[in-house]
Amino acid sequence: MSKTLISSFPQKLIAWHQVDGREGLPWQGVKDPYAVWVSEIMLQQTQVATVLERYPRFMKRFPTVKKLAAAPVDDVLAEWAGLGYYSRARNLHACSIEVMERFLGKFPGDPLLLEQLKGIGRSTAGAIAAFAFQERAPILDANVKRILARLFGVEGALQEKAVNDLLWSLAEQLLPKHRDDMPVYTQALMDFGATWCTSRKPVCISGTRKCPFEKQCQANLSDQVLQLPRKTPKAKSPEFDCDMMVLQRGNAVLLQKRPTKAIWGGLWSLPESPWRTGGLNEVASLQMTSKALLALTLPEENHLTIGRHCKTLIQGERIKHVFTHRRLWMQIWHVSVNQALEFSSENLRWVSLDQLGKYGLPQPIKLLLQGLSLAHGDD
DNA sequence: AATGCGGGGCG
DNA sequence: CGCCCAGCATT
């Protein structure tokens with residue numbers, strides 16, 4: 001490992017940033033630890049373009065850690081809806097309460113303390129400590145992993161612990177000497193990875209710009225830039241089928257709160273059947289009755305009233321939704337019932353179509369019900 | 001070390 | 001369609 005590269009890296013990167021860094025992102029230059037924390041959590045595995053719209057909205061709704069801690073977790077989830085990885089929202093809320101109680105509303109600057117908080121791992125702790133407290137703490141997100149793997153010609157797959165340890169060690173060694181440089185240095189690392197040393201079209205390959213590290217970058221010197229960092233291939237994601245029910249009573253639909261641990265955890269969705277593997281949609285091939293459908297999708301104690309209240313049953317669209325690790329086909333069924341149908345469960349709630357915005361809905365369900373809402377408005 | 005957890009953008 | 005992304009928690 002080149003000693004000169006390590007000692008010269010921070011200043012060269014900061015110099016690069018002064019000319020070619022990103023500007024105008026709403027969380028840049030922010031010093032308030034709360035605002036930094038929210039931005040870091042929201043940006044986990046989430047594109048800048050997406051966060052650009054959602055971050056100011058979140059900050060307007062929850063301007064301080066105190067306000068966030070005082071809000072019901074359901075409100076936080078509703079605000080988070082559409083961003084994905086909903087454990088981030090649940091952890092955000094839990095973390096805000098812990099900061100209020102354990103740290104009297106002030107985020108700690110020590111990365112080791114930050115890392116004890118829910119939803120904050122080593123990299124996010126480093127980012128908060130660097131941006132908000134000028135602590136000499138490293139980050140290691142996908143950008144930094146890519147930069148370092150190329151710069152130092154790290155051959156092993158990112159999933160290997162030894163490789164991860166090596167990258168953390170490099171990230172530590174590369175830190176600027178002076179803590180005052182930490183915010184700009186950390187931002188520069190992210191900007192450089194996101195805009196120049198990109199995964200598919202790094203500037204050294206596209207030839208659009210001249211990389212400041214081209215003479216030292218091991219991957220560039222050995223023509224391995226697009227091969228690094230290495231990743232072990234992922235298995236193809238399995239496919240599932242399920243039935244979902246839009247149970248409509250006048251202007252309201254029945255929403256069901258999802259269990260915390262599951263996918264879309266804590267969000268409000270439609271009653272749904274268990275997921276089935278294996279292509280053929282057996283239920284759709286049945287002569288579907290409202291009773292059979294409700295038996296599939298609702299808890300047992302709610303079945304008895306069904307037949308009496310059902311007015312119509314219509315087979316709706318079949319929606320495909322792609323997750324990172326699963327593909328899901330949702331067969332929609334529209335069931336219309338008369339006004340008398342009630343449910344007693346905490347997790348079942350009639351919600352009028354114009355109130356849907358107050359609820360955190362999975363993105364495909366939100367889109368589906370928006371279409372319904374529109375059609376209904378046209379009547 | 002492997003898996004679960006969303007959603008959007010890009011080629 | 002497959003790959004990628006300002007990761008973390010759990011097992």
Side-chain angles (χ1 to χ4, degrees), chain A residues 22 25-28 30 36-55 77 80-92 94-95 114-128 130-131 138-147 156-165 167-168 171 183 186-195 197-202 205-206 226 229 231-239 258-267 269 320-328 360-367:
Chain A
R22 287 179 292 193
L25 303 180
W27 50 88
Q28 276 178 349
V30 168
V36 172
W37 169 61
V38 171
S39 75
E40 289 306 322
I41 302 296
M42 198 174 279
L43 283 158
Q44 285 171 2
Q45 299 291 285
T46 306
Q47 302 270 346
V48 165
T50 305
V51 175
L52 218 43
E53 304 173 4
R54 301 297 300 268
Y55 177 72
L77 275 164
W80 201 266
L83 282 169
Y85 287 145
Y86 298 99
S87 65
R88 291 185 296 172
R90 298 192 303 269
N91 286 336
L92 207 59
C95 182
L114 285 166
E115 210 179 331
Q116 292 176 14
L117 295 166
K118 278 186 171 40
I120 301 180
R122 186 174 175 190
S123 189
T124 299
I128 299 170
F131 284 134
I139 61 168
L140 191 63
D141 60 23
N143 286 317
V144 182
K145 286 176 183 173
R146 188 171 55 250
I147 294 169
L158 292 183
Q159 289 84 349
E160 297 169 25
K161 174 169 165 49
V163 170
N164 198 49
D165 290 349
L167 292 175
W168 271 114
T186 304
Q187 187 62 54
L189 266 180
M190 293 170 167
D191 287 2
F192 187 66
T195 60
C197 194
T198 63
S199 183
R200 299 195 206 203
K201 277 185 16 183
I205 301 297
S206 64
L226 293 183
K231 295 170 186 179
T232 56
K234 279 181 271 186
K236 197 181 155 196
S237 58
E239 207 165 82
R258 301 182 61 81
T260 305
K261 298 261 179 177
I263 205 163
W264 293 323
L267 269 61
S269 186
K320 183 181 188 182
H321 188 72
V322 179
F323 302 98
T324 306
H325 56 302
R326 280 169 180 26
R327 287 168 295 167
L328 177 65
L361 305 173
Q363 195 66 355
I365 305 302
K366 178 182 167 189
L367 293 175

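Predicted model, so just to flag it, every value in this text is computed and none were measured. Each chain gets a letter, A, B and so on, in the order its sequence line appears, and its residues count up from 1. These numbers come from the heavy atoms of this one structure, side chains and all, not from hydrogens, waters or symmetry mates.
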Of Pro362(A) and Lys161(A), the one whose closest nucleotide on DNA chain B sits nearer the 5' end is Lys161(A)
Could you pick out which residue, Ala162(A) or Arg88(A), lies toward the 5' side of DNA chain B when each is mapped onto its nearest nucleotide?
Ala162(A)
For [X], check salt bridge (charged side-chain N to carboxylate O under 4.0 Å, His left out) against everything at least two apart and list the hits.
| X | result |
| --- | --- |
| Arg258(A) | Glu272(A) |
| Arg122(A) | Glu172(A) |
| Lys161(A) | Asp165(A) |
| Arg22(A) | Asp191(A) |

Quote, to the nearest angstrom, the [atom1] distance that separates [N] from [M].
| N | M | atom1 | result |
| --- | --- | --- | --- |
| dG8(B) | dC8(C) | P | 22 Å |
| dC3(C) | dG6(B) | C1' | 15 Å |
| dG4(B) | dA6(C) | P | 23 Å |

For the residue pair Leu25(A) and Tyr55(A), establish whether any side-chain heavy-atom pair is separated by less than 4.5 Å.
no
Would you kindly say whether Thr46(A) and Arg88(A) are connected by a side-chain donor-acceptor distance under 3.5 Å?
yes
Any chance the side chains of Asn143(A) and Arg146(A) put a donor and an acceptor closer than 3.5 Å?
yes
Contact class for [X] vs. all strands (heavy atom < 4.0 Å): base, sugar-phosphate, or nothing?
| X | value |
| --- | --- |
| Gln47(A) | base |
| Lys320(A) | sugar-phosphate |
| Lys231(A) | sugar-phosphate |

Which class fits the ring pair Trp264(A) and His321(A): parallel under 30°, tilted 30 to 60°, perpendicular over 60°?
tilted
Footprint ends on DNA chain B, 5' to 3', for atoms under 4.0 angstrom from a heavy atom of chain A, come out as dA1(B) to dG11(B)
Which letter, B, S or -, goes with each nucleotide of nucleotides 6-11 of chain C from 5' to 3', with contact meaning a protein heavy atom under 4.0 Å?
BBSS--
Using the rule given for side chain to side chain contact (heavy atoms under 4.5 Å, CB included), can you reason through Met190(A) versus Ile139(A), listing the C-alpha separation, both sets of side-chain angles and the distance that settles it, and then say yes or no?
CA-CA 9 Å; Met190(A) 293 170 167; Ile139(A) 61 168; 3.6 Å; yes
